[in-house]
Amino acid sequence: MVPKDGGGDRGVETKGPRKKERDRLRKRVPSMASFPFLLQPPNGKDEGQKYVHEEDFEDTPVWVGVLTMIGYGVLFIFGHLRDYMRIFGLEKSKMPEEAPDQKDFNPLYRSFDSFYTRNLYRRIRDCWNNPICSTPGSTFTIVERETKDYGWTFKDTEKREQYFNMGSYNYLGFAENTGRCLEDSVVSLNEYGASNCSRRTELGTCGLHVELEELVARFVGKEDALTFGMGFATNSTNMPALVSKGCLIVSDELNHASIVLGARLTGAKIKTFRHNDMDHLEKILRTSIIEGQPGSGRAWKKVLIAVEGVYSMEGSIVNLPDVVRLKKKYKAYLYLDEAHSIGALGETGRGVVEHFNMSPDDIDIMMGTFTKSFGAAGGYIAATKDVVAALRQCSHAHVYATAMSPPVVQQVIASMEQIMGLDGTTKGKERIHKLAENSKYFRTRLKDLGFIVYGNDASPVVPMMLFMPAKIAAFSREMKKRNVAVVVVGYPATPIVESRARFCLSSAHTRKQLDDALEKISEVGDLLGLKYSSKDC
């Protein structure tokens with residue numbers, strides 16, 4: 001097995017006896033040069049000026065916050081009342097619970113999350129998990145369901161209805177059933193079948209996998225790349241192969257659950273910094289490096305900063321220039337998750353790095369997924385050849401998981417070649433520009449209508465704040481009545497008092513479709529009293 005961690009100095013030292021003790025301890029740790037396949041130390045030192053990073057996070061009106069808390073308070077009171085009724089058999093519950101002979105064990109279902117799911121989420125479960133039976137284009141067809149037991153179970157009504165799609169991550173419109181992507185995927189299906197039925201390290205690698213990895217590395221500007229069959233697993237199974245015990249991970253508080261899980265599996269010390277708060281990030285880096293590892297005071301083997309390009313619940317973009325500045329200043333490493341930014345940001349779709357006109361060399365580990373802009377499934381890690389070579393030996397997702405399905409690989413190749421212009425057309429570039437226009441137009445119009453909208457103008461994700469619990473279901477249901485399918489989000493995906501509707505823009509959306517949707521959103525906003533913004537339009 002290839003070692004995962006090298007040693008090496010990682011920061012500032014104090015003087016006196018404490019310094020001598022740390023020097024003595026460090027002699028036990030091998031130098032980074034002992035493991036040439038590991039991350040190379042960042043070159044240069046850039047302690048330039050802070051980047052001015054402007055995003056919109058309008059404060060919640062006090063009266064809205066108070067009413068939201070009162071609303072949840074009432075729901076919790078009735079939730080506890082219903083739980084007492086279930087104890088005495090006055091109401092039935094279909095939630096899983098411990099067997100009578102296991103009551104003395106640690107509870108599996110008695111947490112707050114279970115209480116929330118049982119008494120709040122279940123009542124409005126019709127707003128989520130709607131099956132579709134078409135491609136997720138600008139419009140799609142939804143399987144209509146009904147419930148006769150208040151959300152415990154659902155039944156297919158055998159009705160099918162078409163809706164305007166504002167919830168899918170089909171940013172560039174490549175999830176379609178016509179065109180080159182479909183045709184090439186059908187050819188690969190006929191040639192390779194639906195699956196290689198083996199992991200990559202045995203008999204699962206075919207020519208398409210090699211071609212895709214070379215194309216990804218070329219696209220993002222790194223030496224090499226490795227692909228995986230699942231985007232979530234790309235984070236959760238690869239972070240443990242990069243860092244382990246004795247390392248420090250400094251993670252943005254809004255990072256995706258896959259990063260959170262991956263960080264916990266590493267065994268490393270984890271510290272979180274407030275979202276995009278560069279002063280807080282620097283304070284954590286400086287303090288952690290000075291103090292060293294808890295207990296021993298040894299230098300950290302590695303310090304890894306983990307951030308996302310676009311934060312999908314906030315519509316926010318990472319302050320990459322300042323993150324890179326601090327990464328270089330404190331000689332840390334940078335892990336960038338571009339799941340929602342690759343293909344969607346930048347003049348040529350190369351993500352948040354291109355958006356800020358920065359060099360890929362500033363990013364040590366570039367991660368991304370194929371499930372959004374490329375209309376497929378899976379993910380990738382792009383880095384130096386040495387890092388990727390180490391991952392080929394250590395990554396559980398590469399060593400143990402089944403290889404990506406060949407037709408899915410071909411879908412990514414075909415869409416990526418169009419984005420890069422390798423098909424000899426400008427169709428890919430046109431899609432990127434259309435997405436940018438749609439995103440800014442839709443966000444600006446929502447603000448003009450009086451809604452509180454979070455995030456960055458360049459983000460294809462546009463969160464519109466709902467706040468109050470009753471308005472989560474009301475907004476979703478009213479929009480559905482008007483044949484617009486939207487995603488509403490509440491706890492635990494967001495803070496309990498920051499419920500929202502999350503619109504996902506696509507290059508497949510026409511201006512007429514967006515105007516029609518905005519008119520209906522404004523109508524529902526007036527009906528439900530959702531225009532909370534106090535800013536001048």
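The structure presented is a predicted model; accordingly, all values stated were derived computationally and were not measured.
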Worksheet entry | Pair R445-Y441, side-chain donor/acceptor within less than 3.5 Å | yes
Item to complete: Report yes if some heavy atom in the side chain of I342 is under 4.5 Å from a heavy atom in the side chain of V220; otherwise report no.
Response: yes
Practice prompt. Of all the heavy-atom pairs spanning S236 and L265, show the shortest one and how long it is.
Written response: O-CD1, 3.5 Å
Worksheet item: Are side-chain heavy atoms of I317 and V352 found at a separation under 4.5 Å?
Response: yes
Worksheet item: Side chain of N456, backbone of E55: donor and acceptor closer than 3.5 Å?
Response: no
Practice prompt. Looking only at non-hydrogen atoms, find the nearest pair between A397 and A233 and report the distance.
Written response: CB-O, 4.4 Å
Worksheet item: Closest heavy-atom contact between E417 and L215?
Response: CG-CD2, 3.9 Å
Worksheet item: Would you say the side chains of Y311 and N276 form a donor-acceptor pair under 3.5 Å?
Response: no
Practice prompt. Would you indicate whether the side-chain heavy atoms of F273 and L285 approach each other to under 4.5 Å?
Written response: no
Fill in: Pairwise distance SG(C181) to CD(Q411) - rounded to 0.5 angstrom
4.5 Å
Worksheet item: Taking C-beta and beyond as the side chain, do F374 and S415 meet within less than 4.5 Å on heavy atoms?
Response: yes
Worksheet item: In terms of side-chain geometry, is the basic nitrogen of K302 or D364 positioned less than 4.0 Å from the acidic oxygen of its partner?
Response: no
Fill in: Value rounded to 0.5 Å, distance of CG in D361 from OG1 in T384
10.5 Å
Worksheet entry | H275 and S316 side chains, donor-acceptor separation under 3.5 Å | yes
Practice prompt. Look at atom NZ of K269 and say whether more than 12 heavy atoms of other residues, nucleotides or ligands are closer to it than 6.0 Å.
Written response: no
Discussion item. Quick check: do M420 and R218 have side-chain heavy atoms less than 4.5 Å from each other?
Written reply: yes
Discussion item. Working to the nearest 0.5 angstrom, can you tell me the gap between L345 CG and F356 CZ?
Written reply: 8.5 Å
Worksheet item: Side chains of H398 and Q393: donor-acceptor distance under 3.5 Å anywhere?
Response: no
Discussion item. When you compare the side chain of F228 with that of S395, does any pair of heavy atoms fall below 4.5 Å?
Written reply: yes
Worksheet item: Does the distance from a Lys or Arg side-chain N to an Asp or Glu carboxylate O, for K447 and D457, drop under 4.0 Å?
Response: yes
Worksheet item: Just checking, any donor-acceptor pair under 3.5 angstrom between side chains of E58 and Y454?
Response: no
Worksheet item: Quick one: does S506's side chain have a donor or acceptor within less than 3.5 Å of a partner on N170's backbone?
Response: yes
Fill in: Steps toward side-chain hydrogen bond (donor to acceptor under 3.5 Å, both in side chains) verdict (E347, H355)
CA-CA 7 Å; E347 181 69 20; H355 175 74; over 6 Å; no
Worksheet item: With a 4.5 Å limit on heavy-atom distance, are the side chains of M465 and V453 in contact?
Response: no
Worksheet item: Mind checking whether H340 and Y171 have side chains closer than 4.5 Å, heavy atoms only?
Response: yes
Worksheet item: Does atom NE2 of H280 have more than 12 heavy-atom neighbours, drawn from other residues, nucleotides or ligands, at distances under 6.0 Å?
Response: yes
Worksheet item: Between R392 and E213, is there a side-chain N and carboxylate O pair less than 4.0 Å apart?
Response: yes
Worksheet item: Can you list the steps and then say if M313 with R500 is a side chain to side chain contact (heavy atoms under 4.5 Å, CB included)?
Response: CA-CA 9 Å; M313 287 298 168; R500 64 200 66 180; 4.3 Å; yes
Discussion item. Whether the side chain of T205 engages the backbone of R200 through a donor-acceptor N/O pair (distance < 3.5 Å, no angle test) should be reported.
Written reply: yes
Practice prompt. Give a yes or no on whether a salt bridge exists between D362 and K328, defined as a side-chain N under 4.0 angstrom from a carboxylate O.
Written response: yes
Fill in: Pair T348-R350, side-chain donor/acceptor within less than 3.5 Å
yes
Practice prompt. Heavy atoms only: give me the nearest C504-G167 pair and the separation to one decimal.
Written response: SG-O, 3.8 Å
Fill in: Given K372, Q418, M416, the one that forms side-chain contact (heavy atoms from CB on, under 4.5 Å) with F174
Q418
